[in-house]
Amino acid sequence: MQAVEVYPGIISDPHILGGKPVIKGTRVPVSLVLGKLAGGMSMDEVTYEYYLTSEGIRAALGYAEQLADEFIYVAQD
């Protein structure tokens, strides 16, 4: 199985972190970037700490937005 670009700038490759979505060209998972931003790190801090570009971080945010938009919660009684 090959790498798949699941969103522009975001890939899933079974040979990298078991297929978790990562920033293209890195081994940095989208979930890590989102967690750091949610935890209060600035984009500049995440860029510096993980050697990312602002485009990579925006790709992670865009991918998360796409997933949130596709998610539908159905309450069960």
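The minimum heavy-atom distance linking Met43 with Ser54 is given by the pair CE-O, 4.0 Å. Taking each heavy atom of Pro8 and Ala59 in turn, the nearest pair found is O-CB, 3.4 Å. Residues Tyr63 and Ile10 come closest through the heavy atom pair CB-CG1, 4.0 Å. The nearest pair of heavy atoms linking Ala60 to Ile23 is CB-CD1, 3.8 Å.
Note on Ile57 and Tyr48: separate hydrophobic clusters, where clusters join Ile, Leu, Val, Met, Phe, Trp and Tyr whose side-chain heavy atoms are under 4.5 Å apart, directly or indirectly. Note on Leu34: it clusters hydrophobically with Leu67, by side-chain heavy-atom contacts below 4.5 Å among ILVMFWY residues.
Under the 3.5 Å distance criterion, the side-chain polar atoms of Ser12 are matched with a main-chain donor or acceptor of Gly19.
With contacts defined as side-chain heavy-atom distances shorter than 4.5 Å, the pair Leu32/Tyr50 qualifies.
Note: Glu5 CD to Asp13 CG = 12.5 Å, rounded to the nearest 0.5 Å. Rounding to the nearest 0.5 Å gives a distance of 9.0 Å between CD of Glu55 and OG1 of Thr47.
The salt bridge (charged side-chain N to carboxylate O under 4.0 Å, His left out) test applied to Glu65 returns no partner, not counting sequence neighbours.
Within a 6.0 Å radius of CD in Glu70, more than 12 heavy atoms belonging to other residues, nucleotides or ligands are found.
Hydrophobic side-chain contacts under 4.5 Å tie Ile16 into a cluster, directly or through other members, with Ile11, Leu17, Val22.
Listed by first and then second residue, the salt bridge (charged side-chain N to carboxylate O under 4.0 Å, His left out) pairs that reach into residues 27-51 come to none, sequence neighbours excluded.
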